[in-house]
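Here is the structure we will look at.
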Amino acid sequence: MSKILIVEDEAKIARFVELELVHEGNEVEKAEDGRTGLDMALENNYDLILLDVMLPSLNGLEVLRRLRSVKQTPVILLTARDAVMDKVSGLDAGADDYITKPFAIEELLARIRVALKRHSIPTTQTKTLSTNSGVMLDLDRHEVTVNGENVELTNYEFELLRTLMENMNIVLDRERLISEVWGYDYDGETNVVDVYIRHLRTKIDDRYGIKLIQTIRGVGYAIKEDRQ
Ligand code: CA
């Protein structure tokens, strides 16, 4: 069970998310403005904070900045649609993740699970990532194997694969993949993602006869697996 703080002035959204999180067995507290949220975040030890950016009294980014000067509670930002600046400054200010409104609750829950899991891992972090289909990433050695056989990847190919594997079962859009792999200041073609996905498919899917990376039309890419 995790203790989660929702800082959101839109009561309907806050209530909806609260119900879902409580249903999943979490303990939830809520704040409706930035200042109250910051006070609560500083006074209590939450496992995770869902933080809206547009808030009365103190905006979410300011709450995040002040919180980060004191503690490292995981924070997922709720940003307005297409507010690219929010995402960039949010991640700069120390957010762990962001989700764009309106969001599907399943996606929010998946991201919450990832953020909680990432922070529950002690300093000896997982050094390998693997899929049911036999793909294994060794983060220390920067090596990829499929069924034990070495696959040569370029840096960007490796980072792209790593990002997808770290976010297993979450659909990542091109914008997000670009910011994760190429950096926020990348201003080249957005089809760079499609190009590199094609490289990965040639080197892994085609060669080993597996279907690793799924295309979700109109959205992006994901590696989907049944949970073990
Ligand atoms: Ca708001």
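- Residues forming a side-chain contact (heavy atoms from CB on, under 4.5 Å) with Glu27 (at least two apart in sequence, or on another chain): Met1, Lys3, Glu29.
- In this structure, the side chains of Leu50 and Leu48 come closer than 4.5 Å at one or more pairs of heavy atoms.
- Taking every heavy atom of both residues into account, Ala93 and Arg65 meet most closely at CB-CG, 4.1 Å.
- Remark: Arg35 pairs with no residue by the salt bridge (charged side-chain N to carboxylate O under 4.0 Å, His left out) rule, at least two apart or across chains.
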Side-chain atoms of residues 8-15: list all donor-acceptor pairs with protein atoms under 3.5 Å, sequence neighbours left out, distances to 0.1 Å.
unit_1: Glu8; atom_1: OE1; unit_2: Lys101; atom_2: NZ; d: 2.9
unit_1: Glu8; atom_1: OE2; unit_2: Glu10; atom_2: N; d: 2.9
unit_1: Glu10; atom_1: OE2; unit_2: Lys101; atom_2: NZ; d: 3.0
unit_1: Arg15; atom_1: NH1; unit_2: Glu18; atom_2: OE1; d: 2.8

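- Interatomic distance, CG of Asn132 versus NZ of Lys224, reported as 15.0 Å (0.5 Å rounding).
- The shortest side-chain heavy-atom distance between Leu78 and Tyr98 does not fall under the 4.5 Å cut-off.
- At least one side-chain heavy atom of Tyr196 sits less than 4.5 Å from a side-chain heavy atom of Thr154.
- Atoms OG and CD1, from Ser133 and Ile223 in turn, are 7.5 Å apart once rounded to the nearest 0.5 Å.
- Under the 4.5 Å side-chain contact rule for hydrophobic residues, Val171 and Leu129 do not share a cluster.
- Between Glu149 and Arg207 the shortest side-chain heavy-atom distance falls below 4.5 Å.
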Identify every side-chain donor-acceptor pair in residues 134-146 under 3.5 Å, counting partners at least two apart or on other chains, and give the distances.
unit_1: Asp138; atom_1: OD1; unit_2: Asp140; atom_2: N; d: 3.1
unit_1: Asp138; atom_1: OD1; unit_2: Arg141; atom_2: N; d: 3.0

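- For the pair Met54/Asn59, no side-chain contact is recorded, criterion being any heavy-atom separation below 4.5 Å from C-beta on.
- Applying the side-chain hydrogen bond (donor to acceptor under 3.5 Å, both in side chains) test to Glu107 and every residue at least two apart in sequence or in another chain returns Arg111.
- Taking Glu152 as the reference, nothing meets the salt bridge (charged side-chain N to carboxylate O under 4.0 Å, His left out) condition, with sequence neighbours excluded.
- To the nearest 0.5 Å, atom OH of residue Tyr46 and atom OG1 of residue Thr73 are 9.5 Å apart.
- The salt bridge (charged side-chain N to carboxylate O under 4.0 Å, His left out) test applied to Glu24 returns Arg113, not counting sequence neighbours.
- Side-chain N or O atoms of Asn44 include one that pairs as donor or acceptor with a backbone N or O of Met40 at under 3.5 Å.
- At a threshold of 4.5 Å between non-hydrogen side-chain atoms, the residues Val17 and Phe103 count as touching.
- Taking CD of Glu180 as the start and CG of Leu164 as the end, the distance is 10.0 Å to the nearest 0.5 Å.
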Q | Test side chain to side chain contact (heavy atoms under 4.5 Å, CB included) applied to Asn26 and Asp47, step by step | A | CA-CA 10 Å; Asn26 302 287; Asp47 297 300; over 6 Å; no

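- A distance of 10.5 Å separates CD in Glu157 from CD1 in Ile197, rounded to the nearest 0.5 Å.
- Legend: residues meeting salt bridge (charged side-chain N to carboxylate O under 4.0 Å, His left out) with Asp33, ordered by chain and number and at least two apart, are absent.
- From Ile6, atom CD1 reaches atom CD1 of Ile76 across 11.0 Å, with rounding to the nearest 0.5 Å.
- The nearest pair of heavy atoms linking Ser2 to Leu116 is OG-CD1, 3.5 Å.
- Inter-residue side-chain proximity for Arg176 and Asp97 is flagged as met; some heavy-atom pair is nearer than 4.5 Å.
- Under the 4.5 Å side-chain heavy-atom criterion for ILVMFWY residues, a single connected hydrophobic cluster contains both Ile105 and Ile99.
- Annotation: side-chain contact (heavy atoms from CB on, under 4.5 Å) contacts of Gln72 (sequence neighbours excluded): Arg68.
- Partners of Val195 under the side-chain contact (heavy atoms from CB on, under 4.5 Å) rule, at least two apart in sequence or in another chain, are Asn191, Arg198, His199.
- Side-chain N or O atoms of Asp96 include none that pairs as donor or acceptor with a backbone N or O of Ala115 at under 3.5 Å.
- The side-chain heavy atoms of Leu160 and Leu200, taken from C-beta on, include a pair separated by under 4.5 Å.
- When the side-chain contact (heavy atoms from CB on, under 4.5 Å) test is applied to Val7, the partners found at least two apart in sequence or on another chain are Leu5, Ala31, Ile49, Leu51, Leu55.
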Run the side-chain donor-acceptor check on residues 209-222: report pairs under 3.5 Å with partners two or more places apart or on a different chain.
unit_1: Thr215; atom_1: OG1; unit_2: Arg201; atom_2: NH1; d: 3.4
unit_1: Thr215; atom_1: OG1; unit_2: Arg201; atom_2: NH2; d: 2.7
unit_1: Tyr221; atom_1: OH; unit_2: Asp194; atom_2: OD1; d: 2.6

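- Under the 4.5 Å side-chain heavy-atom criterion for grouping Ile, Leu, Val, Met, Phe, Trp and Tyr, Leu161 is connected to Val114 within one hydrophobic cluster.
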